[in-house]
Structure formats: structure tokens, C-alpha cells
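To find a chain, count down the sequence lines: A is the first, B the second, and so on, and within it residues start at 1.
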Amino acid sequence: MQAEHVDIAHFLCEHAPFDDLPEEALNQLACQIEVAYFRAGTNILLYGDDINDLYIIRSGAVEMYRRDGELYNRLTVGGIFGQMGLLMNRKVRYPAKALEDTLVYCINVEFFNKYCDKFDAFADYFEANGTVRLHQAIVEQADSNDLTTAKVKSLLHRDVVTVAKDASIQHVAQVMTDESVSSVLVTDVDKPISDDPEDDDGQVVGIITDRDLRSKVIAAGLDYTMTAQAIMQQDLILLDSNAYIFEAVLAMLRENIHHLPVVVKKKPIGVISLSDILRYESQSSLLLVRGILSQPSVEDLAYYARQLPNVFVRMVNEDANSHMIGTAMAVIGRTFKQRLLSLAEEEFGPPPVPYCFIALGSMARDEQLIVTDQDNAIILDNSFDEEKHDEYFQKLADFVCDGLAECGYTYCAGEIMASFKKWRLTKDQWQAQFAKWIAEPKPQALLNSAIFFDLDGVYGKLKWAQELQRFIAIEGRNNKRFLANMAANARNRTPPLGFFKDFVLEHNGQHKRSMNLKRRGTAPLSDVIRVHALAVGSRKQNSFERLEDIIDAKLLPEGKAQDLRDALEYIAMVRIRHQAWQIEQLDEQPDNDLEPHLLSPFEQRNLKEAFAILDKAQNFLKFRYSANSGIK
Amino acid sequence: MAGNQIDWQKRYKQLENSSKNDCIKHYYRNAIFDGNTAISDVPLVALDFETTGLNFNHDDIVSAGLVPFNTRRISCSGSKHWLVNPKQKLDEESIVIHGITHSELIDAPDFSKIIEPLLAALAGKVIVVHFAPIERHFLYQALQARLGEGLEFAVIDTLELEKRALQARQGLIGRLFNKKLDSVRLGDSRKRYSLPAYQSHSALTDALATAELLQAQLAYHYRDDTRLADLWI
């Protein structure tokens, strides 16, 4: 007859999560238990060992440690450990030691998985610690990603070549030839490196590249005896030697520069060039950006844009994170606009008054993916005269918007495009418009204009876009009613989670039951983050960078901003992988509609946890930004 | 300590040759007999009988429980539990202790029906009990009565090990003054190792409790490479 372990079953049914199991399942589980005794002071699990069981403490007490030996947790009767190792890679993550004489029950991983799949309450219990697990999932993902873990100093293979700022141009060219380098750093002896008395070169103040010699010296017929200072590029973007390679990629993409000086506390140690990175990063988002700028016509641009999906898929396959992919796609989108605008100016002549073309929404946030529509507008100089100048800007805007549509950036259904006259305003008009949105917030009006609170200059007078960003940051943070309205709007789009933490699916156009990862995931998360960012007066546009400002301002309870970051990263990556899969495997037009059964049970659980974080964050908005209390 | 050691290697050989029953012969043939084996390498099985009384001449087994284990893990999935219909009437006292009722036992099979699966479950493992005389004598008698042949076997007795441990702790002075040893009953022994008290006292629970006790005793008093010969009797 089948042995029944009554005492084990009794014990289990008094402790979560086993108390929720049906009696039959509980008895079956009791009969599968393995028991082990550990004398006080002995090791139960050692870091990195294989783990195949979930552990339940029947009697005694157990301490768990982090890898660095710091105490992580102390558990007593009924306590459970080992789940982290089981859920990750079957290796012990937190070593465990018996603090007292301890008897443990062990459940084999196969049974554990079976019960997780079969009983939701059982699975949910392990999800209660889900934020930790979600974070681990993201860390694991980063571990496998070279670009995000390798540092720029690993790309430096030769000693830095420098010249003094008062060296002659001819001397600079000789040094570059002798050293066979395409760039040199220019140093200033008058700016010593404070903590390095040995150093007699001074801080880096500029860079000179081959191209500078060609364009600024030879082409311009400049005197070779002039000093380096006269032709060097200033306003340098310096990379710390501890920066990650992906940060170098982001900087090059954003600034469209091909050389980045690397410094240790202001002391130059080398230069990273585009070719160094390309050798490292075979995906060619950087090359694509360069190629866009050399296309001679809209037709050529449209043809060139066809390789965009491949670049996207390659980045995904190379395990780039969502920030990198979002930035690369946004930079590519921005570059298309820049090229179209310069083509338009070639066709219609120079603009009658200065202007700034701005991107709105996801492109401004550097969170653009492959499926996107165009959201843009124009800031005009205050001297703009409608009768004299409007025809020009209408033609220019139509040219750009039509061109973008040909390149795959569909027209904005909400009519937020520069081709609509209402979104071509002068500097003063824009400021008045934002002042009105902020001072007299109306929910519906704000809902339609939320997208304007993510804005970034693309072409022309970029300074004007920054001035608007500053205006919004200063006006917005002090306005309680405005923030309350923004917060209310940010709670409109709820995550697709049901009451019992199951996925809520909708019918999409093709009658598939799916959930929209953008509308119900990344977009509402960005909305939540935007409200907090406005409250702390952040001028950042990217959600991850906004979160850094939010963390610095200590606006949220400890760990909440980090949870939001992990949730955004996870949902964004699921969305990105889904689109890459559609392009690569199905040869389909990518969309945001995910059928959750395509994910593994663990991925589903992580995704649910990410949605749960969004849900909590939306609830938090309600009490943090009520119009009557809270913010001073 | 190991003075009156039985040479189990020799004994099992003799028993195998003289045995006439296939089941019993099979048990002897597969018995572990090398006393030099390290305890951590020995497959073990904890065994417990519930009986109608303590006199093996006229009391009967009413249930048998066993749990296979080793020094690291006790495996509930391999455990077995049988109810057995006793020839002799149950007295009221033992019913209370075991929590088994008449009606359950009336439907239970005779011991002869469980001999084969019982011996199969014990084969190739060293038997562990708490207080060896009960299991040894009752099993011998039960088989003698049905097969005309009893079974002899080596055991590790957790009661015996507990006695040794308490005596070692008592020291010479204690022995000279003939100080009384603490209780070596199963539940009391378990308390000394912080093992939990079990509510039920079925043969299965007691077998599990015995297995846990041996793991604890080994963790406290013995090294992993302790020879089997130093433990069994």
C-alpha cells in the first residue's frame, strides 16, 4: 500500500505556500519529500554548487549569505530557501548554513516546477519575491552581454598620443604621421592634473583628427605655423576609462562623432575610434547612421531605410539592452529627419527665418523601436511672419513628413506633425502654449499633449528646444494641479493583469488573443516616470536617465525607482524580442501584440511581476500627487 | 565497544547455505557484509514494527513501516507501510497507541502476504532500528511461523548508539557512581538533537524518526568514514 507521511503533510499544510494546495496534492508532495539533517554550524549549500531541490525548514534555523559573505537572510521553521537558484540556472546563489541543528525537507525541482505550473497560488508565492527575481533576470541578461559589461579601456591598445596646445600645426601633422594615428589629443600645461604631480602635460582640452587637418588647414589654406589650439575641436566629450563600451557607442551615435578621448581623472590615456568599436560590435547601427547622411535623394533614403529591420534584429541578437536599441533606433530616426531637412533646404532654398525641428514622444526619449509613427513639430523664430514665411515652412514640413512616411515612419494618427499649421509655432507661442498647459491643466487637453512633454531638438536651433525643456522643468515642478492631472492621466492605461494575476488578453486586428506591450506596458511606465521626472524638475527625456534624477532626488521610497527601471527594461526587452522574432522568423510586419503562451512559464512570471510593478506605481501616483495634498 | 562483534561476513555465508527459502536466501546473498565500508557509502533502511504487545512469543505485528536513506538524504518516495492482520486479538491499550482500529486490521492481509515485498525493500541495505530486540525477534518469529525459517540480520540500533554517546558523556566518575543515564527512548533521544516531536506513532513515522535520529547521531558523534563494523551489531 502507498505509504502516507501524515506528519510531513500536517507540517506542510500549516505553512505557506503549501497551505493553499488541495489535500490530494499535499499528500502526494509529502510522499516525495527528502529529509536531511544538518548539525549547527555546517554548510547546507555552497555558492555555485548545483542545486536541484527547494528547501523547507522543518526545525532549526538557517542563515543565508551573499557572495561577499554578507548576511542575506535568516530563516526559521517553515522558512523556504533555494528557489532563487532553481529559478535561475540551477546553481546556488545564496550559500546557506545551519545556525542551529536543522532538519530540512527537500522538494525536487521537477516536482517544484510541476506544482508551479499546476497551482497558481503556489507559483504566486514564489512571485511575492518577484521583484528580486525580475532584477536578477535583468542582471543575468546583462552578464551575457559583452557591450554592456566590457569597459572601454579594454579597447585601448596603444599609448595615448598628445601634443601641447601651442605646438605648430605642422608639428601636429608630423607626430600623427610618425605615430600613424588618425587623431591626437591636445593638452594644456596651464591646467595641471591636480592629483598627479608627475604629470607635466596637463589636462586634455581638445582633439585634432585627420579630417580637421584636411578641412580646417589644407582646404582653408591655413598657415602651418599656427598653433594646434587654432584648429582643435573643443567641447570634448570625454569618456572615463571605466565607462562601458555601450556608453561609447551611445555617445558616438548621439553626437555623430568618431573619436572619443578616454581619461582617468582628466588624465588622457587613449582615444577610442569608430573603427575600434566596429571591430568589437559587428552590428552596424553606427555605419547605418553614416550612410543615411550620404543619400542624395528621398528615393535613395527610402531604399536605404529598408535595411533598418535587419540592423534592429542584429542588435537584438547581439544582446544589446533596451536603452542601446532605443537610442540607436532614435538616432537613426533623427538622422533620417536631419537628412530630409537638408534635402528640403537644398530644394526650397535656405529658411527665411531660423527654426528648430523637434521630435516628440518616444524618439525624443531615445526609446524608439522599429514600429513607430512620426511625432514632430517646429519652433519658429519670433520674427516669423505668417503671410511672408508660412508657405516655405508648409512645403518644408510636408517634404519631411512625406519623406519620413516613405522611409517607414508612418503618419501620426493624432495629427501631431509639423505639416499641421497648429504645430508650427514661434518660440514665444510655444512657451505660452506650455505655460497654459501647466497653469490651467485640463485633463483631456493634457492627455492629448502628454507627448509634448518629451521633446528633443533634431535640426536647426537646437538651443531653443533646450530652452523649452528648461521652461517645462521649472514651471512644472512647482505646479501641484498640473502634476495631479498628469498623474491622473498616467493611470489611464492599466497593465493587462486580472484580479488573480492572470494575463488579460484582448482581440487584436487579426483576431488573436494578445496583449499590447506598448499600450499596456512600456507607454504607461514612461507616463509614470514622466510625472515623477516633472516633479523633480528633471530635464532628461530618456526614461532611464529620468529615473536616475528621480533616484538622486530621493522622491520615491527606497528601491521603487530601481523596480521601475527593471520593469521597463524587462517589458521593453520582451517587446523588442517579439518584434525581432516577427521580422526574422515570420517575415511579418512587427507589432506590439504579444500572445503570452509564446513565452516560457518563467518569462510569463517575470512579465507578470513587471506588470505588477507598473500597477503598484500607478496606485502610488494616486496618493502622491493628489491635487489637495502632498506636494508643496 | 565492538568486543562481542559478530563476523557478519561469515555468518551471512553460513545462513545462505543453510537456508531453504528463496526469499530469505536472496536476502542473505545480497546482504552487505564488509564491515570496513565507510558509513557514508552504505545504503540504509529504517524499519519499525507496531505490535500487539512486547512478548514476541504470543504477540503479533500489526503494521510495518520502512524508509530508505543514506547519511545525506532520507527518501520518502521509497518508503513503505503495511497494515497486517494479527492472529491474536488486539488489546485496548495498543490500539490507543497506534491509532489503528479493529476494522482497519480486519481488512488487512496476513503477514505472509507482505513477506516478499518487505524482504525486497530491505535487500541490499543495512537495517536501522531503535531498540533492536523488537524488530529482530518479531521478524524472526513471524517468518518462522509462516516459512518454517527465521531471518537473522545485522542492525544499526540508534538506541544502542545513544547509550554509547550518553556513557561517553557521563565519563568515568559518572560510571563509578553508577549515575543513571538519561532516557534513550526514541522521542527523548531526538530532543537532544533538536529534532521535532512527531504527533503520530505509526510504524512509518517511527521509521522516519529513527532515520532522522541516525543522521543526527552520525553528524554529532561520528566521522563520515566511520566503519560499518563500528556501528552495527
Side-chain angles (χ1 to χ4, degrees), chain A residues 1-15 26-46 49-62 76-79 82 97-108 110-111 114, chain B residues 46 48 63-84 99-100 104 107-109 113-114 117-118 121 158 190-222 224:
Chain A
M1 88 185 256
Q2 168 73 41
E4 286 201 7
H5 284 275
V6 184
D7 277 272
I8 297 178
H10 270 167
F11 174 80
L12 291 179
C13 81
E14 283 170 2
H15 293 89
L26 192 73
N27 286 332
Q28 274 178 20
L29 185 64
C31 292
Q32 293 298 326
I33 293 270
E34 293 201 346
V35 187
Y37 180 86
F38 294 92
R39 191 179 166 180
T42 51
N43 291 316
I44 300 175
L45 295 172
L46 291 174
D49 278 1
D50 290 339
I51 179 168
N52 290 304
D53 300 282
L54 180 74
Y55 290 77
I56 303 117
I57 302 173
R58 174 61 177 86
S59 64
V62 170
T76 57
V77 176
K97 193 176 202 171
L99 180 67
E100 298 166 6
D101 290 342
T102 299
L103 193 69
V104 294
Y105 289 162
C106 313
I107 298 175
N108 184 273
E110 280 169 30
F111 246 78
K114 207 166 111 185
Chain B
D48 187 72
S63 70
L66 62 84
V67 183
F69 72 114
N70 57 35
T71 57
R72 296 165 297 281
R73 287 286 178 94
I74 300 165
S75 164
C76 291
S77 64
S79 61
K80 298 270 189 295
H81 186 224
W82 296 276
L83 293 183
V84 180
I100 305 170
E104 282 179 288
D107 294 337
K113 296 277 188 254
I114 74 159
L118 175 64
T158 49
R190 286 169 57 86
K191 263 185 221 156
R192 278 189 281 275
Y193 303 93
S194 317
L195 286 165
Y198 283 141
Q199 300 305 314
S200 76
H201 288 282
S202 73
L204 182 64
T205 304
D206 279 356
L208 177 64
T210 303
E212 291 169 359
L213 177 60
L214 181 65
Q215 279 198 338
Q217 288 172 329
L218 291 172
Y220 261 83
H221 310 303
Y222 297 91
D224 271 359

task = Evaluate side chain to side chain contact (heavy atoms under 4.5 Å, CB included) for A/Glu100 paired with B/Ser194, printing each intermediate quantity in order.
result = CA-CA 8 Å; A/Glu100 298 166 6; B/Ser194 317; over 6 Å; no

key: Check: A/Arg39 side chain, B/Ala219 main-chain N or O, donor-acceptor pair, under 3.5 Å   =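 Confirmed, A/Arg39 side chain pairs with B/Ala219 backbone.
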
Considering only heavy atoms, which portion of [X] lies under 4.5 Å from any heavy atom of chain A: side chain, backbone, both, or neither?
| X | answer |
| --- | --- |
| B/Leu208 | side chain |
| B/Arg73 | both |
| B/Ala197 | backbone |

request  = Please lay out, stage by stage, how B/Cys76 and A/Ile8 fare under the test side chain to side chain contact (heavy atoms under 4.5 Å, CB included).
outcome  = CA-CA 10 Å; B/Cys76 291; A/Ile8 297 178; 3.5 Å; yes

Heavy-atom pair with the smallest gap, counting every atom of B/Gln199 and A/Asp7 =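 The pair with the smallest heavy-atom distance is N-OD1, 3.0 Å.
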
inquiry  = Can you tell me how far apart OG (A/Ser59) and CD (B/Glu212) are? Round to the nearest 0.5 Å.
reply    =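 Rounded to the nearest 0.5 Å, the OG-CD separation comes to 8.0 Å.
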
ask   = Rounded to the nearest 0.5 Å, what separation is found between the CD atom of A/Gln28 and the OG atom of B/Ser77?
value =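 One gets 13.0 Å once the value is rounded to the nearest 0.5 Å.
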
message = With a 4.5 angstrom heavy-atom cut-off, is it the side chain or the backbone of A/Asn108 that approaches chain B, or both, or neither?
response =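 Neither the backbone nor the side chain of A/Asn108 comes within 4.5 Å of chain B.
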
ask   = Crowded around A/His10 NE2? As in, over 12 foreign heavy atoms under 6.0 Å?
value =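 For A/His10, atom NE2 is not crowded (no more than 12 foreign heavy atoms under 6.0 Å).
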
key: Set of residues satisfying ring pair (Phe, Tyr, Trp, His ring centres under 6.0 Å) with respect to A/Tyr105, sequence neighbours excluded   =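 Listed in chain order: A/Phe11.
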
ask   = Based on non-hydrogen pairs under 4.5 Å, which of B/Ala216, B/Gly78, B/Ser75 is most in contact with chain A?
value =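 Max contact count across the listed options: B/Ala216.
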
request  = Please name the residue in the list A/Asp101, A/Thr102, A/Leu103 that meets the side chain to side chain contact (heavy atoms under 4.5 Å, CB included) test with B/Leu195.
outcome  =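 Single side chain to side chain contact (heavy atoms under 4.5 Å, CB included) partner of B/Leu195 among A/Asp101, A/Thr102, A/Leu103: A/Leu103.
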
query = Which word best sums up how the rings of A/Tyr37 and B/Tyr193 line up, parallel for under 30°, tilted for 30 to 60°, or perpendicular for over 60°?
reply =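 Taking B/Tyr193 first and then A/Tyr37, their aromatic rings stand perpendicular (interplane angle over 60°).
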
